[in-house]
**Q** 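Pasting a structure here, questions to come.
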There are 2 protein chains.
Amino acid sequence: MTSPAVSSRDLPHPAREEIRLEGVLHALSDPMRLRIVRELAAVSDELSCSHFDLPVTKSTTTHHFRVLRESGVIRQIYRGTAKMNGLRRDDLDGLFPGLLDALLDAAARQAVRLGST
Amino acid sequence: MTSPAVSSRDLPHPAREEIRLEGVLHALSDPMRLRIVRELAAVSDELSCSHFDLPVTKSTTTHHFRVLRESGVIRQIYRGTAKMNGLRRDDLDGLFPGLLDALLDAAARQAVRLGST
DNA sequence: CGACTCGTACGATAGGCATCGTAGTACGAG
DNA sequence: CTCGTACTACGATGCCTATCGTACGAGTCG
């Protein structure tokens, strides 16, 4: 379902076969990025960068989204001025069956354990 | 000899509740450490540091084992001159059910995909 | 005791990275 | 065209880390 409405700006994504486990783990080992991924998984839809209210500046937010994209965890598409972010669930599940769910479950358990919601 | 075998040297380990998902993911995001953990899981037994034939110096090897221990992934015990390393499977499975297996499976799939053993 | 093995400690180095601020670009609305 | 919004690019900074080499401590065995 690739929408044809792509602005002139194209963002480089790794192909499915180029995604490396170490890269994914490194991307998710940052609390800020894990939080982003958890939120994306919760809504199972695309979200704009500005939707996230992270305790860092916009520059840093851009950096984190790029790390997630370049590691193959999320897909980013420009839609007007907004940049939509979606989890690459199909690719990740295809490469590493059960991993994403296990990671999300682990993150959720830890959040409960540490008193966050 | 099955003595209490607690040499004077004791190594600090995080308690189960202190293990953080981010720390575990960071520890496993290094190829050298992921390799160590895969080998430990394969034999499901304790292995001495010297058993591993890593393409780095002994200093660096020590460093990696310490990262794994301090993140809660492995347990280290001195046994004579040797230092035995074992996966903390019980603790990890207790905190994050299914995560370790999913990670090991993902690593194995990637190894196959990339033509390594 | 002395020699040998296993692993550590410490210092150095080079690169990576999370963060910021500022200046700038792309896009849509008025 | 102009303005505001959304996001980026770039440079700087301070911290972390993977790596090495060398010197050392702990334990075993002759």
Side-chain angles (χ1 to χ4, degrees), chain A residues 3-13 20 22-37 40 46-71 73-86, chain B residues 1-13 20 22-37 40 46-71 73-86:
Chain A
S3 51
V6 175
S7 326
S8 52
R9 297 183 283 176
D10 254 359
L11 294 165
H13 289 78
R20 302 289 258 93
E22 302 91 313
V24 172
L25 296 184
H26 172 250
L28 297 184
S29 70
D30 182 279
M32 223 54 79
R33 293 193 289 260
L34 185 57
R35 176 168 160 176
I36 291 172
V37 169
L40 278 177
E46 294 184 339
L47 290 178
S48 72
C49 287
S50 58
H51 173 271
F52 297 84
D53 191 27
L54 302 175
V56 291
T57 65
K58 288 202 126 196
S59 310
T60 307
T61 302
T62 296
H63 162 70
H64 285 311
F65 275 106
R66 178 169 39 202
V67 172
L68 286 171
R69 171 171 48 83
E70 290 178 346
S71 68
V73 176
I74 67 171
R75 189 176 296 108
Q76 294 191 293
I77 302 176
Y78 278 109
R79 206 179 302 258
T81 79
K83 192 174 177 183
M84 305 306 290
N85 303 275
Chain B
M1 304 310 187
T2 57
S3 55
V6 174
S7 326
S8 50
R9 299 181 280 176
D10 251 358
L11 295 164
H13 290 78
R20 303 289 254 91
E22 302 93 310
V24 172
L25 296 184
H26 173 249
L28 297 183
S29 70
D30 182 279
M32 223 55 81
R33 293 193 289 260
L34 185 57
R35 177 168 161 176
I36 292 173
V37 169
L40 278 178
E46 293 183 340
L47 291 177
S48 72
C49 288
S50 57
H51 172 273
F52 297 84
D53 191 26
L54 302 175
V56 291
T57 64
K58 286 197 301 180
S59 308
T60 307
T61 301
T62 296
H63 162 69
H64 285 310
F65 275 106
R66 177 169 37 198
V67 172
L68 286 172
R69 171 171 49 81
E70 291 179 345
S71 68
V73 176
I74 68 171
R75 191 177 299 282
Q76 294 190 294
I77 302 177
Y78 277 108
R79 210 179 299 263
T81 79
K83 191 177 180 182
M84 306 306 288
N85 304 274

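A note on names: the letters A, B, ... follow the listed sequences, proteins ahead of strands, and every chain is numbered from 1. What you are looking at is a predicted structure, and each value in this text was computed from that prediction instead of being measured.
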**Q** Hey, can you pull the residues of residues 46-59 of chain A with a non-hydrogen atom under 4.0 angstrom from DNA chain D?
**A**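 Listed by number, they are A:Ser48, A:Cys49, A:Ser50, A:Lys58, A:Ser59.
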**Q** Would you please name every residue forming a side-chain hydrogen bond (donor to acceptor under 3.5 Å, both in side chains) with B:His26, sequence neighbours left out?
**A**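 Residues passing side-chain hydrogen bond (donor to acceptor under 3.5 Å, both in side chains) with B:His26: none at all.
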**Q** Got a sec? Which of residues 25-35 of chain B come in under 4.0 Å of DNA chain D, heavy atoms?
**A**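 Under 4.0 Å from DNA chain D: B:His26, B:Asp30, B:Met32, B:Arg33.
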**Q** If every non-hydrogen atom of B:Cys49 is compared with every non-hydrogen atom of B:Gln76, which pair is closest and at what distance?
**A**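 Distance-wise, the nearest heavy atoms are SG-NE2, 4.2 Å.
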**Q** Looking at every non-hydrogen atom in both residues, tell me the closest pair between A:Val56 and A:Thr61 and how far apart they are.
**A**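 So the two residues come closest at CG2-OG1, 3.6 Å.
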**Q** Mind calculating the distance between CG (B:Asn85) and P (C:dC6) to the nearest angstrom?
**A**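 My rounded result for the distance is 14 Å.
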**Q** Who are the salt bridge (Lys or Arg N to Asp or Glu O under 4.0 Å) partners of A:Arg69, not counting sequence neighbours?
**A**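 For A:Arg69, no residue satisfies salt bridge (Lys or Arg N to Asp or Glu O under 4.0 Å) once neighbours in sequence are set aside.
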**Q** Please state how far atom OH in A:Tyr78 lies from atom C1' in C:dA26, giving the value in whole angstrom units.
**A**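 In whole Å, C:dA26 C1' and A:Tyr78 OH are 8 Å from each other.
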**Q** Who are the salt bridge (Lys or Arg N to Asp or Glu O under 4.0 Å) partners of B:Glu22, not counting sequence neighbours?
**A**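 Result, salt bridge (Lys or Arg N to Asp or Glu O under 4.0 Å) vs B:Glu22: B:Arg20.
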**Q** For A:Ser59, enumerate each residue passing the side-chain hydrogen bond (donor to acceptor under 3.5 Å, both in side chains) test, keeping only those at least two apart in sequence or located in another chain.
**A**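 A:Ser59: no side-chain hydrogen bond (donor to acceptor under 3.5 Å, both in side chains) contacts found.
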**Q** Can you list everything that forms a side-chain hydrogen bond (donor to acceptor under 3.5 Å, both in side chains) with A:Thr57? Sequence neighbours excluded, please.
**A**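 Counting only residues at least two positions away or on another chain, A:Thr57 forms a side-chain hydrogen bond (donor to acceptor under 3.5 Å, both in side chains) with A:Thr60.
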**Q** Can you list everything that forms a side-chain hydrogen bond (donor to acceptor under 3.5 Å, both in side chains) with A:Thr81? Sequence neighbours excluded, please.
**A**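 With sequence neighbours excluded, A:Thr81 shows a side-chain hydrogen bond (donor to acceptor under 3.5 Å, both in side chains) to no residue whatsoever.
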**Q** Please give the nucleotide sitting opposite C:dG30 as a Watson-Crick or G-U wobble pair, both distances under 3.5 Å, or none.
**A**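 Check on C:dG30: paired to D:dC1, both distances under 3.5 Å.
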**Q** Can you name the residues that form a salt bridge (Lys or Arg N to Asp or Glu O under 4.0 Å) with A:Arg75, not counting sequence neighbours?
**A**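 Salt bridge (Lys or Arg N to Asp or Glu O under 4.0 Å) check on A:Arg75 returns A:Asp91.
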**Q** Can you pull out the residues from residues 60-68 of chain A that lie within a 4.0 Å heavy-atom distance of DNA chain C?
**A**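 Contacting residues: A:Thr60, A:His63, A:His64.
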**Q** Could you work out, with side-chain contact (heavy atoms from CB on, under 4.5 Å) as the rule, every residue matching B:Val37, not counting sequence neighbours?
**A**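 Partners of B:Val37 by the side-chain contact (heavy atoms from CB on, under 4.5 Å) criterion, ordered by chain and then number, come out as B:Leu28, B:Leu68, B:Val73, B:Leu87, B:Leu104.
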